[in-house]
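In what follows, every chain begins at residue 1, and chains take the letters A, B, ... in the order their sequences are listed.
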Amino acid sequence: MRLSRYFLPVLRETPKEAEIVSHRLMLRAGMIRQQAAGIYSWLPLGLRVLDRIGDIVREEQNRAGALEILMPTMQPADLWRESGRYDDYGKEMLRIEDRHERKMLFGPTAEEVVTDIFRSFVKSYRDLPLNLYNIQWKFRDEVRPRFGVMRGREFLMKDAYSFDLDFEASRAAYNRMFVAYLRTFDRLGLRAIPMRADSGPIGGDMSHEFIILADTGESAVFCDRAILNLPIPPKDTDFYGDLSPIVSAWTKPYAATEEKHDAAAFAALPEEDRMSARGIEVGHIFHFGTKYSQAMGASVTGPDGKDTVVQMGSYGIGVSRLVGAIIEAAHDDAGIIWPESVAPFRVGLINLKPGDPTTDAAALTLYERLSKAGISVLLDDVEASAGAKFAKMDLIGLPWQLIVGPKGLARHEVEIKHRATGRREVMTPDEAVTRLLAA
RNA sequence: CGGGGCGUAGCGCAGCCUGGUAGCGCAUCUGCUUUGGGAGCAGAGGGUCGCAGGUUCAAAUCCUGCCGCCCCGACCA
C-alpha cells in the first residue's frame, strides 16, 4: 500500500478524552474514531489489526475442532424469555422494538440463539461433541464505558459454545478450548495466564479467566513466577487426545486476581517466585452444565435410547479488546510496537525524498520485490520532512522500517530499523530484501 | 448509579470572573526555499462559541433547563 493512496489520519496531539496509553495511541495512529461513548468506527489501519487478530483466533478455534457460524446481532426477545434472562439481564441489555412492535434486543451474548440452533437440528448423541463459535459484534449497555476499545459498549467477541452428552465429555471440550486459548494468546505475542474464576453452582474448576499482564491493567493479579515459563502446547497437539496433563500443569501454579486472592497461599511461595502485577482479562471460559439446555429443551437421544439434556460450556475472547490489550503490552514513548503476527503491515518503507527520480525508483523497486514475495509493505511516498516520516512510522509501530534516501543510495546503501529494539543496520538494497524475507 | 470535570476551527487550548466586531499553536490549501529524527518565509481558507430559553441596547461571557463527553468509585467480555 502506498501512503499517498491510503487513509491514515494520524494525530500529532493527543485527544483529551483519551487517558490510557492504548486509547491514546489508537486515536493518534488513526485506527479508530469514536462515534459515541463506547462505540467506535474502525479505520483502515485499525481494521487490519482487528482482522489479523480475528484470523488467528479463528485458526486456533478451527484447530481445536470448533466450527464457525455467524449469528445475528439482533435477537428476538422470545428466546430470552425461554431462558429466563430477558427479565434477569437488566439495563445492560439494549432492548429494541421493531415496526411491528415485536420485542428485539441487540445481543450481549448468544447462548439462547446457539441453543436454539442446536435443538432444532441435533437429535442424536452420535452428532456430539459439537462446538459452534462465531466472531460477532456484541452490545452491552455498560454504565460506564471507558479505556477506548478495552471497555466499549459495542465490541467484537469470539464466543464458542460446546455441547456434550455428559460431564466428562464436556470437560474434554473445556480442555480443548483451554489449550486453544493458550496457543491463541501466545500467537498474539501475549503471555496470558489462566486464573481460576467463579464457577457458579456447578462447582469444580471449570471456569477460568485468561489475564494478560500489563501495567495499565484493570485488576491486580498475583501469581507464581513459574507460570511464566510453562511451555505453550505445540501446533500439532492432538486435540482429541487427553489434554488434562496440559491443563493440570497450567492450573497448578498459584494464579489469582484480586477478588480471588488467597494471601496465605501466596505468602507460602518462595519470595522470588511471588509476582504481583496488573492484568487485563482477554478471555473467559466457562462450563455451565444444563442451565440453558434444560430451560430451552436441548436434548439428544443417548446410546441408551433415552433423552439426555446436553452439557454446555461457553468460551469468550474479546477480539476488539485485544487490540487495546496488545498495545498496552507493547509500546514505548514513540508509539505502538506491533507483534509481527498482528502488525497491519510488516514493513514500513520510507522514501525520504519523493520526487527524486533515483530515490523513487529505488523505493518502488524494493516495494515491488517485497510485495511479490508476500510481505505487506506500507510505502511512505508522501512529501514530508524526514523527522515527520520517522515519527509517523514509529507511531504506527510496523515491525520493520526500511529507509531509502538519496544520501544512502549514493553509496548503494539503505537502512533497516527494527522497531522493537531500535536497532539500525545499513546494507545494500539486495541484502535488505534478503534480510526482510528471512526475518 | 453516586461524586468530580469539560464542551470555543480537524486537534490542543486562551478568552468567560469584570457583557461591547472570536483569538493562539499545530494541522489544511497556494507559492518559493528546504529535506537523514515532527523545516522556514509569505499568503489563504476554515466558527450555529454543545442545544434551548431568559436577562440586556448588546451574551462565548450572566441566569435557568437540557444534551454530550471524560475521570474516580460501585459493576462488568
Touch class at under 4.0 angstrom, heavy-atom based, for I317(A) against every strand present = nothing

task = Could you check whether F155(A) and the base of rA77(B) form a stacked pair, meaning centres closer than 5.5 Å and planes differing by less than 30°?
result = yes

key: Q34(A) side chain near rG68(B) phosphate (N/O to OP1/OP2, under 4.0 Å)   = no

task = Please work out if G316(A) contacts a base, only the sugar-phosphate, or nothing of the nucleic acid, heavy-atom cut-off 4.0 Å.
result = nothing

inquiry  = So E142(A), base contact, sugar-phosphate only, or nothing? Heavy-atom distance under 4.0 Å.
reply    = base

ask   = What nucleic acid atoms does K158(A) come within less than 4.0 Å of, heavy atoms only: base, sugar-phosphate, or nothing?
value = nothing

task = Write down the partner of rA39(B) under the Watson-Crick or G-U wobble criteria, each distance required to be under 3.5 Å.
result = rU33(B)

inquiry  = With a 4.0 Å cutoff (strictly under), does any side-chain N or O of S385(A) reach OP1 or OP2 of rA39(B)?
reply    = yes

ask   = Is there a donor in the side chain of S41(A) and an acceptor in the side chain of Q35(A), or the other way round, less than 3.5 Å apart?
value = yes

ask   = Looking for any heavy atom pair under 4.0 Å, which part of the strands does T109(A) touch: base, sugar-phosphate only, or nothing?
value = nothing

request  = Report which part of the nucleic acid A384(A) touches: base, sugar-phosphate, or nothing (heavy-atom distance under 4.0 Å, all strands).
outcome  = base

task = Please check the phosphate of rA27(B) (OP1 and OP2 only) for any side-chain N or O of R12(A) closer than 4.0 Å.
result = yes

inquiry  = Just to be sure I understand the rule, does K389(A) reach a base, reach only the sugar-phosphate, or reach nothing, if contact means heavy atoms closer than 4.0 Å?
reply    = nothing

query = Any chance the side chains of N62(A) and Y133(A) put a donor and an acceptor closer than 3.5 Å?
reply = yes

Pairing partner (Watson-Crick or G-U wobble, both distances under 3.5 angstrom) of rC6(B) = rG68(B)

ask   = If only atom types and distance count, is the side chain of T434(A) paired as donor or acceptor with the main-chain N or O of D430(A) below 3.5 Å?
value = yes

task = Report yes if a donor N or O on one partner sits less than 3.5 Å from an acceptor N or O on the other, where the partners are the side chain of E13(A) and the base of rG25(B); otherwise report no.
result = yes

query = So does R144(A) reach the base of rG73(B) with its side chain, donor to acceptor, closer than 3.5 Å?
reply = yes

message = On the side chain of R146(A), is there an atom forming a donor-acceptor pair with the base of rG73(B) - under 3.5 Å, no angle test?
response = no

query = Is the closest side-chain donor-acceptor distance between Y292(A) and R85(A) under 3.5 Å?
reply = yes

task = Would you kindly check if the NZ (Lys) or CZ (Arg) of R48(A) is within the cone defined by 45 degrees around the ring axis of F345(A) and under 6.0 Å from the six-membered ring centre?
result = yes

query = Is rU48(B) paired to anything, Watson-Crick or G-U wobble with both distances less than 3.5 Å, and if yes, which nucleotide?
reply = none

message = Only pairs with both distances under 3.5 Å count, Watson-Crick or wobble alike; so what is the partner of rA74(B) in this structure?
response = none

request  = Could you tell me which nucleotide pairs with rA58(B) by Watson-Crick or G-U wobble geometry, both distances under 3.5 Å, or answer none if nothing does?
outcome  = none

Any-strand Watson-Crick or G-U partner of rC24(B), both distances under 3.5 Å = rG12(B)

query = Looking only at side-chain N and O atoms, does K407(A) come under 4.0 Å of OP1 or OP2 in rG36(B)?
reply = yes

query = Across the strands shown, which category fits G283(A) at heavy-atom distances under 4.0 angstrom: base, sugar-phosphate, nothing?
reply = nothing

